[in-house]
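The block underneath contains the structure these notes are about, expressed in structure tokens.
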Amino acid sequence: MAIRIGIPRALAYYSFYPQWKTFFEELGAEVVLSPLTNKHIVNEGIRNTVTDACIPIKVYHGHVASLADKVDYIFVPRIVGLDHDATLCPKFLGLPDMIKSSVKGIPLLLTPRFDVRDGRFAPVKAWMKVAKMLGAGYHQALRAYRKSIKVKQYYEDLLTSRMLPEEAMSLLDKWAASLKDEQKKLSDMKSSIASARASSAQTLESQNGNIRLAVVGYPYMIYDEFVNCGLLDTLKRLGTTILTPEMVPAKARQAQAKKQPKYLFWYYSNQVIRAVYYFFQENMVDGVIHLTAFACGPDAMVDKLLELDCQKHGRIPYLSLCLDEHTGRAGIITRLEAFTDMLVRKRGGKR
Amino acid sequence: MKITFPHMGTSWIAIKTLVEGMGHEVVLPPPPTKRTLDLGTKYSPEFACLPFKVLLGTYLEALELGADTIISSGGVGPCRAGYYTQLQGRILREQLGYDVRVITFEPPRGHLIETYRIIRDLVKVSFPKFLACAWLAWQKLLALDALERESHRVRPLELEKGATSRILSQGIAAIEKADSVREIKNITATFLEKFKQIPKDSEYQPLKVGVIGEIYVVLEPFVNLDVVETLGHMGVYVDRSIFLTNWVTENTFLDTFRVEAERNAKKAARPYLPELVGGHGQTSIGETVLYAKRGFDGVVQLAPFTCIPEIVAKSIMPRVSKELDIPVLTLMLDEQTGKAGIATRLEAFVDLLRMRRNRLAIARGETA
């Protein structure tokens, strides 16, 4: 029987899952994804963490607990550095150690350490180590790694063509399942990405009358529908066009870095700030919604910076939504409605 | 320039000497009070940690007193403290409309030239004269630490409560006024002697507790609600893991030359937390391990609410505590924390430690 590897559907999952999945499947392992975040998972997470932890960390613990008796390994990477500007939040740095000390009765953990600042080949080496632990040969591992990187690229292309992670992932799954011929698959993917991009540009064009909102924050806050009480759906229902940091190409984000007098110390925080600067520069948004977690350390800085920057950049309306395990759907909806109503009125239009 | 700087424990004495030595007027902010905290809390992000709020409040009070320049330390993360001056500067200028210059001293490593430039711009006197002042400031730090360390040892043994604290504050005041190295040495000797003469209960075996955690809340008695003194009055010998002098050496000299500071603590932390998580997260774990090995009765971990590194440490702490059999009390401090609440929790903790010591003594076959 194939080795079963559990991947918690939280934190870095939203940025890397297609890559991880491809890698493990190429090695012949079976990937078990934890279910969508639900009440039970949140409660398990709260039970297994210290009270001071933020909701994403609690949710992560819950996802790990939900995988505990279903798999042989759980993949809990220690992601330290994704670029040369910053590390990730300290909680990502200590994640495997927190999990080991907090969640009872878990199987073996796969905890590779990823830090690009250790050298160009550091991430490859980390993946090779994982492959070795799983008993795969060198060439097989290298092939899996190459393929996973390719898939990651497709995934990011899909995201920058304004697709949401879940849509993009299911599209990638569909391709992987339906097509056997590698070459054909490749060309098909490329044309799909191109068409997705064209259609998204068109929608932005045709929906020009819509309120355009930047919904910024960390991917694990924006895209976890349970934690944010279906925020994106609500906004769509309210007839707004949504832009998230992941929809901005990495290069365009990086180009905004020069506007920061001092980089923030956390990778995702920099991405949020840079994406907002990009939206401002391209004049793409009418308002900014910042999604943050209760007691999030980095966001205490990011939130204030965004507030000051929105003010500085022609007083762009700014809404900060703080979420925790007690957040109620009705409260979120009310605030979103009030915010969009205000934007409509500001423009002089009627609902 | 009228220069001001944040408070951290008794560090102001040394910084004042240093800045005055550079040839500037010092606007000494009042020591942090309830008002400082209220002011700071009002303009700080809600989830900024307590040090951020106290510092911002301190700057506002100093600006009221006429300061026009703030000097503070920077950092490279991932602890938020390194970004403080950036954001506080923007809040003061953009939100509150102050015309204030904020000078940040980044850790010299990687910023050597920048640091040199800042110092060159700041120093208005001849360089040898400045160096003499810096040496004086350093001597003051050493003297302050020596007195404080001794007070921790003496306080649990004193017969008249408060005697140690009284002499300590006299000593601090004397060091502040001193203006030569010889005078500082004399004062230190005099006050160490005075500590010796405090009537003590020499039979008494105090419990030994280590105080660890985030540096600012450990060093600033206003924000930790006098934890060290409170424990001392309960008859507990307190060993503080952080003193001003080791903070200075680590952040300026050792780090610059890439000597790994706190090596022991980091090594000790490795089985539990092999990764540097910023601030004092990893050291907190390491220090706890070391205190357990040194046979301490317990450890008190201090951290500001929402402090990320210490939350990581707190999550791992139960495992350390269990495996090494050392009781740990974590106190998360914020602007809502009350002194009575902290005192109650410390009392309960100390009671438990006492019972534990007796139980262990009986188990070893000694009479308690």
Side-chain angles (χ1 to χ4, degrees), chain A residues 48-54 57-58 61 78-81 85-104 111 113 115 260-267 269-270 292-309 311-312 320 322 324, chain B residues 43-49 52-53 74-91 93-95 104 106 269-279 281-282 285 303-323 330 332 334:
Chain A
N48 282 306
T49 41
V50 291
T51 45
D52 309 86
C54 56
I57 291 292
K58 288 178 181 165
H61 280 69
R78 187 194 300 279
I79 308 178
V80 178
D85 298 345
T87 64
L88 273 80
C89 168
K91 286 174 191 159
F92 278 81
L93 272 50
L95 193 59
D97 310 299
M98 288 166 81
I99 295 288
K100 265 182 234 161
S101 312
S102 311
V103 190
K104 304 266 166 337
T111 62
R113 181 179 187 277
D115 189 353
Q260 296 175 278
K262 180 177 182 178
Y263 296 153
L264 287 155
F265 308 138
W266 317 284
Y267 171 79
S269 310
N270 277 326
T292 162
F294 178 81
C296 171
D299 269 354
M301 305 285 125
V302 175
D303 195 52
K304 192 75 193 178
L305 285 174
L306 286 180
E307 185 191 320
L308 292 168
D309 280 324
Q311 190 73 12
K312 211 164 151 188
S320 166
C322 178
D324 68 4
Chain B
Y43 299 110
S44 299
E46 186 182 359
F47 298 124
C49 54
F52 185 99
K53 296 175 183 174
V76 290
C79 164
R80 285 177 282 176
Y83 215 79
Y84 279 5
T85 49
Q86 285 288 323
L87 190 57
Q88 285 165 335
R90 284 192 68 178
I91 292 175
R93 281 189 300 264
E94 290 174 29
Q95 194 179 335
T104 313
E106 298 292 347
R270 211 154 286 157
Y272 302 96
L273 182 60
E275 190 73 36
L276 211 75
V277 292
Q282 198 189 20
I285 296 287
F305 178 59
T306 75
C307 173
I308 332 169
E310 295 297 333
I311 291 175
V312 175
K314 187 184 170 185
S315 310
I316 298 167
M317 207 57 100
R319 198 175 137 216
V320 182
S321 174
K322 198 171 166 197
E323 283 179 16
T330 304
M332 289 276 173
D334 70 2

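Throughout, a chain's letter reflects where its sequence line sits, starting with A, and its residues are numbered from 1. Everything quoted here is computed from the prediction, not taken from an experiment.
With rounding to the nearest 0.5 angstrom, the CZ atom of B:F47 is 9.0 Å from the CG atom of A:D303. One finds the CD atom of B:E275 at 7.5 Å from the CG atom of A:D115 (value rounded to the nearest 0.5 Å). In this structure, CD in B:E46 is found 11.5 Å from NZ in A:K304, a value given to the nearest 0.5 Å. For the atom pair A:D299 CG and B:R80 CZ, the distance stands at 10.0 Å (nearest 0.5 Å). Taken to the nearest 0.5 Å, the CG atom of A:D309 stands 7.0 Å off from the CD atom of B:E94. A distance of 6.5 Å separates CG in A:D52 from CZ in B:F305, rounded to the nearest 0.5 Å.
Interface residue B:Y83: backbone and side-chain heavy atoms are both found under 4.5 Å from chain A. With a 4.5 angstrom heavy-atom cutoff, A:C296 touches chain B only via backbone atoms. Neither the backbone nor the side chain of A:P96 comes within less than 4.5 Å of any heavy atom in chain B. Using a 4.5 Å cut-off between heavy atoms, B:C79 touches chain A through its backbone atoms (N, CA, C, O) alone.
Side-chain atoms of B:K314 and A:T51, non-hydrogen and from C-beta on, do get closer than 4.5 Å to each other. Residues A:D97 and B:V312 have side chains not in contact (no heavy-atom distance under 4.5 Å, counting atoms from C-beta outward). Side-chain contact between B:S315 and A:T49: absent, with no pair of heavy atoms (C-beta onward) separated by less than 4.5 Å.
Of the residues considered (B:K322, B:Q95, B:R90), B:R90 shows the highest number of contacts with chain A, using heavy-atom pairs under 4.5 Å. Note on B:T306, B:I316, B:T330: by heavy-atom pairs under 4.5 Å with chain A, the leading option is B:I316. Interface summary for chain A: among B:P309, B:G82, B:P318, B:G281, the most heavy-atom pairs under 4.5 angstrom belong to B:G82.
For the residue pair A:R78 and B:P274, the shortest heavy atom distance occurs at NH2-CG, 3.4 Å.
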Atom pairs and distances, donor-acceptor, side-chain atoms in residues 87-94 of chain A, under 3.5 Å, two or more places apart:
| residue | atom | partner | partner atom | Å |
| --- | --- | --- | --- | --- |
| A:T87 | OG1 | A:F265 | O | 3.4 |

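Every residue meeting the salt bridge (charged side-chain N to carboxylate O under 4.0 Å, His left out) condition with B:R319, not counting sequence neighbours, appears here in chain and number order: B:E323.
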